[in-house]
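What follows is one structure encoded as structure tokens, with my remarks underneath.
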2 protein chains.
Amino acid sequence: MRPNKRDELVRKALQVFYRDGFHATGMDKLVVETGVSKTSMYKHFRTKEELILAVLRLRDESFRNWILRRVEETADTPAGQIVASFDALKEWFEEDGFRGCMFIKAGAEYQEADHPIHVQAAEHKRLMFEHIARLARKAGARDPEKLANQIVLLQEGAIVSAVLLKNGDPAEDAREAAQLLLETALA
Amino acid sequence: MRPNKRDELVRKALQVFYRDGFHATGMDKLVVETGVSKTSMYKHFRTKEELILAVLRLRDESFRNWILRRVEETADTPAGQIVASFDALKEWFEEDGFRGCMFIKAGAEYQEADHPIHVQAAEHKRLMFEHIARLARKAGARDPEKLANQIVLLQEGAIVSAVLLKNGDPAEDAREAAQLLLETALA
DNA sequence: ATCAAAGTGTACTGATCGGTAAGTATTTGC
DNA sequence: GCAAATACTTACCGATCAGTACACTTTGAT
């Protein structure tokens with residue numbers, strides 16, 4: 001089992017799961033799309049669930065890396081970086097093939113709170129929260145945890161609105177609301 | 001086809017779809033859970049998709065009725081009613097068997113923007129937005145559409161956070177943020 | 001009482017689900 | 001160059017998927 005082969009499978013599976021959903025994507029479809037044989041597929045991943053968990057790990061890592069880097073390129077103060085996260089979201093929404101947040105979708109398809117896939121999706125959201133909370137503390141907010149929670153609300157809301165309520169510019173609206181929250185929390 | 005029989009099937013199917021998801025719920029499971037025969041099932045609904053659309057119509061109607069009534073019972077000024085919508089959300093989150101927003105989940109499982117199920121989920125979100133926008137106009141907000149969009153962001157964010165980020169009290173955090181937005185938009 | 005609508009159970013279709021068996025080819029490290 | 005690991009093809013498993021055929025029973029309005 002060459003490690004890069006496995007990674008390649010995870011990358012390709014990520015695309016298909018993201019595009020078509022988890023239950024709607026069968027292992028046979030993945031076998032066709034990756035060009036790998038079914039036997040090899042099951043050599044690398046013992047079950048579909050194990051594959052999905054690997055996909056979510058990759059997505060978590062690459063998404064958080066991307067947004068962290070993008071935010072640091074845009075602003076250098078903690079408060080500025082919180083605001084910049086909404087500019088990054090806007091970029092993401094405008095990407096070709098944008099289909100919403102993979103973790104919201106994973107949580108929606110695997111709803112039991114103790115299901116491994118649900119747990120892993122929740123863990124991603126917790127890490128995203130932690131990032132904002134760290135910035136809020138560095139910015140000197142009055143109640144950094146609450147501010148971070150509110151910022152996250154705006155982020156999640158913007159994602160959902162970008163998918164379902166194609167009305168207006170959710171990232172921009174969220175950005176302005178976030179700015180107001182920041183000003184109030186720092187005053 | 002007695003109409004009440006059909007409604008009963010929709011009500012029961014709603015529970016199962018809400019609990020287990022759309023793709024994960026087969027027609028056979030619904031037949032068992034409703035006690036109806038498969039033949040009758042397909043007399044009432046020509047396809048699974050038609051059943052899901054009927055379920056979403058019922059959910060849209062009853063959910064919007066419920067939140068509208070709850071909001072009117074809690075406050076009588078337009079601004080107060082906007083804030084009260086977050087108290088209603090909090091009640092909802094604390095219900096037994098709360099599993100998030102059925103329309104977010106429908107949009108997540110049927111992702112193509114022109115899929116009938118996706119379209120109907122989006123329509124529900126539009127109607128929810130319209131309700132808030134109406135209140136924002138009556139309250140005399142400076143830019144009622146933008147305010148309504150921001151309120152909706154907080155609502156959607158609270159729902160997602162209630163499902164995935166069990167951290168804190170999303171409805172309360174959203175409520176406070178909404179209050180701040182309102183004060184600023186009305187000043 | 002009758003007749004049609006609406007209900008029933010059972011058995012079936014072909015396709016697809018996740019996952020496996022058996023045997024063969026191709027890389028890979030030493 | 002050789003052996004072991006890895007990947008391959010093909011065919012298969014039992015279960016479930018959405019949906020249908022057919023023959024039978026209950027129900028309700030006239």
Side-chain angles (χ1 to χ4, degrees), chain A residues 1-57 102 105-106 108-112 115-118 120-121, chain B residues 1-57 105-106 108-112 115-118 120:
Chain A
M1 284 196 249
R2 294 186 298 259
N4 44 332
K5 186 75 184 178
R6 188 189 145 107
D7 289 355
E8 192 190 317
L9 290 179
V10 175
R11 263 197 306 276
K12 186 68 193 170
L14 168 50
Q15 292 176 20
V16 183
F17 280 131
Y18 182 64
R19 173 167 32 90
D20 298 343
F22 297 100
H23 282 105
T25 301
M27 293 301 270
D28 294 284
K29 192 198 289 184
L30 287 172
V31 161
V32 171
E33 295 245 11
T34 56
V36 86
S37 75
K38 205 165 180 181
T39 321
S40 298
M41 201 75 190
Y42 276 96
K43 283 261 164 60
H44 286 291
F45 311 97
R46 280 182 311 182
T47 62
K48 184 184 182 182
E49 183 178 310
E50 196 173 298
L51 171 59
I52 293 177
L53 290 172
V55 163
L56 291 182
R57 265 190 298 272
M102 186 148 209
K105 296 193 286 188
E109 289 206 49
Y110 300 90
Q111 308 193 72
E112 302 85 29
H115 191 293
I117 293 177
H118 188 104
Q120 192 152 320
Chain B
M1 286 195 247
R2 294 187 296 260
N4 46 330
K5 187 75 183 178
R6 188 189 145 107
D7 289 355
E8 192 191 316
L9 290 178
V10 176
R11 264 197 305 277
K12 186 68 193 171
L14 167 51
Q15 294 175 19
V16 183
F17 280 131
Y18 183 64
R19 173 166 34 88
D20 298 342
F22 297 99
H23 282 104
T25 301
M27 294 300 269
D28 293 287
K29 192 200 287 184
L30 287 172
V31 162
V32 172
E33 295 246 10
T34 57
V36 87
S37 76
K38 202 164 182 182
T39 320
S40 298
M41 201 74 190
Y42 276 95
K43 283 258 166 62
H44 287 290
F45 311 97
R46 279 182 311 181
T47 62
K48 184 185 183 181
E49 182 178 311
E50 196 173 298
L51 172 58
I52 293 177
L53 289 172
V55 162
L56 291 182
R57 265 191 298 273
K105 295 193 286 187
E109 288 206 48
Y110 301 90
Q111 307 193 73
E112 301 86 29
H115 191 293
I117 294 176
H118 188 104
Q120 192 151 321

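Reminder, nothing fancy here: chain letters follow the sequence lines and each chain counts from 1.
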Report task. Using modelled atom types only, decide if a donor and an acceptor are shared between the side chain of B:K38 and the backbone of B:M27 within a distance under 3.5 Å. Result ->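 Side chain of B:K38 to backbone of B:M27: no pair is present.
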Query - Side chain A:Q111, main chain B:R19, donor-acceptor under 3.5 Å - result: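 Side chain of A:Q111 to backbone of B:R19, a donor-acceptor pair under 3.5 Å: yes, one is there.
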Query raised in the report: Has A:H44 got a side-chain N or O lying under 4.0 Å from the OP1 or OP2 atom of D:dA7?
Result: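 Yes, within the criterion.
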Report task. Please determine if a side-chain N or O atom of B:S37 lies less than 4.0 Å away from the OP1 or OP2 oxygen of C:dG7. Result ->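 For B:S37, the contact criterion (side-chain N or O under 4.0 Å from OP1 or OP2 of C:dG7) is not met.
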Can you measure [X] atom [atom1] to [N] atom [atom2] for me and round it to whole angstrom units?
{"X": "A:D28", "N": "C:dG14", "atom1": "CG", "atom2": "P", "value": "19 Å"}
{"X": "A:Y42", "N": "C:dG19", "atom1": "OH", "atom2": "P", "value": "4 Å"}
{"X": "A:F45", "N": "D:dA7", "atom1": "CZ", "atom2": "P", "value": "11 Å"}
{"X": "A:D20", "N": "C:dC17", "atom1": "CG", "atom2": "P", "value": "11 Å"}
{"X": "B:H23", "N": "C:dT16", "atom1": "NE2", "atom2": "P", "value": "14 Å"}
{"X": "B:K38", "N": "C:dG7", "atom1": "NZ", "atom2": "P", "value": "17 Å"}
{"X": "B:M41", "N": "C:dT10", "atom1": "CE", "atom2": "P", "value": "18 Å"}
{"X": "B:K43", "N": "D:dT27", "atom1": "NZ", "atom2": "P", "value": "16 Å"}

Query raised in the report: Going through the checks in order, is the side chain to side chain contact (heavy atoms under 4.5 Å, CB included) test met by A:F17 and A:L30?
Result: CA-CA 9 Å; A:F17 280 131; A:L30 287 172; 3.6 Å; yes
Query - Candidates A:H44, A:K12, A:M41 - the one meeting side chain to side chain contact (heavy atoms under 4.5 Å, CB included) with A:V36 - result: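 For A:V36, the side chain to side chain contact (heavy atoms under 4.5 Å, CB included) test succeeds with only one of A:H44, A:K12, A:M41, which is A:M41.
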Report task. Report the residue (A:T47 or B:V36) whose heavy-atom-nearest nucleotide on DNA chain C is the more 5′ of the two. Result ->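 Between the two, 5'-proximity favours B:V36.
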Report task. Identify which nucleotide among D:dT9, D:dG19, D:dC22 has an atom closest to any side-chain atom of B:K48, counting heavy atoms from C-beta outward. Result ->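 From the listed options, D:dG19 comes nearest.
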Query raised in the report: To the side chain of A:T39, which of D:dA21, D:dT9, D:dA7 is closest?
Result: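 Nearest to the side chain of A:T39 among the choices is D:dT9.
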